[in-house]
Novice: 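After the structure tokens below, expect a handful of questions from me.
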Amino acid sequence: MAARAAYYLSTPIYYVNDSPHIGHAYTSLACDVLARFMRLDGRDVLFLTGTDEHGQKVAKSAVAAGMEPQEFVDQVSERFRALGEVMGYSNDDFIRTTEARHTRSCQELWRRISDNGHIYLGKYAGWYSVREEAFYAESDVVTGPDGDKVTASSGSPVEWVEEPSYFFRLSAWQEALLEFYEKNPEAVAPESRRNEVISFVAGGLNDLSVSRASLKWGIPVPGDPDHTMYVWLDALTNYISGTGFPDTECDLYQTYWPADLHMVGKDILRFHTVYWPAFLMAAGVEPPTRVFAHGWWTIEGEKMSKSLGNAIDPHHIVARYGLDAVRYFLLRALPFGSDGDFSHRAIVGRMNDDLANDYGNLAQRVLTMVNRNCGAAVPEPGPFETSDRTLLDEAESLPGKVRADLSRQAFHQALIHIWEVVGHANRYVDEQAPWVLRKEDPARMATVLYVVAETLRHLAVLTLSFMPASSGRMLDQLGVAQEARTLAALGPEGRLAPGTALPKPEPIFPRFVEDSPVS
RNA sequence: GGCGGGGUAGCUCAGUCGGUAGAGCAGUGGAAUCAUAAUCCAUGGGUCGGGGGUUCGAGUCCCUCCCCCGCUACCA
């Protein structure tokens with residue numbers, strides 16, 4: 001059993017200036033599968049997502065759109081909520097950095113850091129990229145084709161900024177951070193990212209500018225309203241705002257903080273594994289247990305980019321392939337943490353081979369026989385033979401494997417383990433040939449069909465978090481009651497009750513048939 | 001430049017403490033016919049990036065070179 005019943009996980013809060021694309025969908029999807037699985041496993045889950053709505057870039061976009069900033073962010077934040085509905089996310093809360101609860105949380109975190117002596121007023125002078133919300137050293141800036149200064153790495157225009165600024169004494173936290181990584185080997189994943197972070201911190205840290213005097217669209221610095229909090233301090237704090245901070249005595253905070261998992265894309269690894277733990281330690285707050293940085297998607301082999309205009313809109317692929325197929329593909333296509341390629345050919349392969357042929361057809365072939373030959377009810381099994389026991393044992397050992405896989409965010413491995421049983425079950429059906437037994441030994445046929453149905457029950461419950469709708473339909477077809485759809489109900493105690501009436505089965509996972517060529 | 005990760009069957013990748021190269025997909029042949037023309041079985045002569053070394057024996061250890069990716073540094 002889990003050492004702790006509560007489980008708190010978060011997506012990053014998404015920057016409202018971006019249009020939702022497959023990358024956002026992917027991060028949240030990974031969290032959603034974990035959240036659903038943990039709930040099935042009896043955990044008390046808090047799954048938080050939301051939007052990041054402050055910053056100079058947002059303010060400029062609002063102006064460009066002819067709107068007040070708040071009006072603008074209200075509108076664009078809604079797109080991320082809509083994405084959640086399309087993708088079927090089960091988040092418990094949706095936080096926005098423009099909410100009062102967040103402002104209060106941010107300002108209190110600042111106060112604590114400041115009271116502990118880790119913030120000082122200095123002067124910032126340097127190149128600043130509005131587009132990237134980031135500062136650049138002189139060495140990273142080059143003169144662009146138009147004579148403007150741009151960053152060497154991305155070509156974003158930069159402007160010279162010189163103003164008073166509050167600084168966070170990040171440089172003082174090097175040793176504490178290294179010790180934190182050392183004592184908490186699970187705190188940064190995957191392993192390769194952990195190495196990167198350690199090597200970055202070991203290379204020395206500079207103090208961090210955490211306020212902007214020229215920026216108005218943000219949270220005012222406590223005690224100095226001329227300054228606005230730097231966007232990353234603002235954004236990261238959402239994770240504790242969502243647990244009721246600064247009311248550290250409230251149930252929410254007591255139950256869920258520190259977070260069990262912050263899921264992030266690899267681009268924001270450093271903010272989450274260096275700055276964020278340092279901010280929290282400086283404020284006397286415990287840092288999160290684990291940060292997992294996943295990889296990027298390419299599209300048909302091409303890097304996703306604005307200039308190529310090939311960013312995938314989740315709404316389109318869900319409309320084309322179906323939600324559950326998309327959910328399955330995104331988590332099965334590659335080892336979680338690696339980069340992957342989204343291609344039409346690949347997703348169709350997974351849909352037809354794994355879902356329709358292997359899994360869906362297994363259910364269909366067995367349930368059809370049950371429907372026609374067992375009075376459309378769960379058959380009454382006789383004594384189990386070795387082959388029956390072998391399959392059932394394997395199905396019953398699956399929850400443990402999947403739980404272990406998902407505890408380290410190995411989604412693909414969990415699915416591989418589940419599909420090993422799908423394959424086993426198909427072979428079992430062929431070997432037992434219930435269509436022959438139907439004439440020669442109906443009692444044995446009933447046992448065989450029962451064993452497969454029971455195996456399907458395990459498979460469907462375990463795929464429920466990945467493909468909620470399809471797996472739910474399969475459980476409907478197996479006559480499994482809603483309250484029995486939990487990991488606790490798996491195993492011998494929760495076996496299907498013989499005699500339970502079953503509906504006429506319908507195919508669950510459709511094959512993807514290519515459109516006929518247009519002449 | 002430094003650190004780290006990679007270069008294994010047509011494609012995507014596994015390969016634990018060194019012991020005669022594996023999986024899935026695709027291809028080929030066969031069986032079966034309950035099922036979404038789905039399933040099952042059989043089938044891989046691959047210089048394991050190049051070269052050298054250690055060893056009775058090396059994708060698996062050591063050296064070196066080439067290429068790819070990530071992080072990071074530097075640019076007088």
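Small disclaimer: the values here were computed from a predicted structure and weren't measured. Just so it is clear: chains get the letters A, B, ... in the order the sequence lines come, proteins before strands, and each one is counted from 1.
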Novice: How far, in whole Å, is B:rA42 from B:rG22 if one measures between their P atoms?
Specialist: 14 Å

Novice: Indicate the atoms forming the closest heavy-atom contact of A:Leu487 with A:Val461, along with that distance.
Specialist: CD2-CG1, 4.0 Å

Novice: Going through the distances and angles, do A:Asp405 and A:Lys401 end up as a salt bridge (Lys or Arg N to Asp or Glu O under 4.0 Å)?
Specialist: CA-CA 6 Å; A:Asp405 292 333; A:Lys401 291 181 186 174; over 6 Å; no

Novice: Taking only the C1' atom of each, what is the distance from B:rA73 to B:rU20 in whole angstrom?
Specialist: 47 Å

Novice: Could you check whether A:Ser199 gets within reach of a base, just the sugar-phosphate, or nothing at all, counting any heavy atom under 4.0 Å?
Specialist: nothing

Novice: Should A:Arg511 be listed as having a side-chain N or O under 4.0 Å from OP1 or OP2 of B:rA38?
Specialist: yes

Novice: I need the CZ-P distance between A:Arg350 and B:rA26, as an integer number of Å.
Specialist: 11 Å

Novice: For RNA chain B, whose closest nucleotide is more 5', that of A:Met369 or that of A:Phe200?
Specialist: A:Met369

Novice: Determine the interatomic distance between C1' on B:rC11 and the same-named atom on B:rG27; round to the nearest Å.
Specialist: 12 Å

Novice: Is A:Ile508 touching bases, backbone alone, or none of the nucleic acid, heavy atoms closer than 4.0 Å?
Specialist: base

Novice: Does B:rC25 have its OP1 or OP2 closer than 4.0 Å to a side-chain nitrogen or oxygen of A:Arg345?
Specialist: no

Novice: By nearest atom, which of the nucleotides B:rC25, B:rU36, B:rA38 is closest to the A:Asn357 side chain?
Specialist: B:rA38

Novice: Under 3.5 Å, is there any donor-acceptor pair linking the side chain of A:Asn361 to the base of B:rA35?
Specialist: yes

Novice: Counting the atoms with a prime plus P, OP1 and OP2 as sugar-phosphate, which does A:Asn373 contact under 4.0 Å by heavy atoms, base, sugar-phosphate, or nothing?
Specialist: nothing

Novice: Work out how far the P atom of B:rG49 is from that of B:rA35, and round it to whole angstrom.
Specialist: 48 Å

Novice: What's A:Arg193 touching, base or sugar-phosphate or nothing? Going by heavy atoms closer than 4.0 Å.
Specialist: sugar-phosphate

Novice: In whole Å, what separates the C1' atom of B:rG6 from that of B:rG15?
Specialist: 15 Å

Novice: What pair of heavy atoms forms the shortest contact from A:Ala30 to A:Phe336, and how long is it?
Specialist: CB-CZ, 3.6 Å

Novice: Check the side chains of A:Tyr328 and A:Asp354 for a donor-acceptor pair under 3.5 angstrom, ignoring hydrogens and angles.
Specialist: yes

Novice: From the list B:rG70, B:rC40, B:rU39, which nucleotide is the closest neighbour of the side chain of A:Glu196?
Specialist: B:rG70

Novice: Using a heavy-atom cut-off of under 4.0 Å over every strand shown, decide if A:Gly349 touches base, sugar-phosphate, or nothing.
Specialist: nothing

Novice: Since syn is defined as within 90° of 0, does B:rG4 count as syn or as anti?
Specialist: anti

Novice: Under a 3.5 Å distance rule, please check whether A:Arg290 uses its side chain to pair with a backbone N or O of A:Glu186 as donor and acceptor.
Specialist: yes

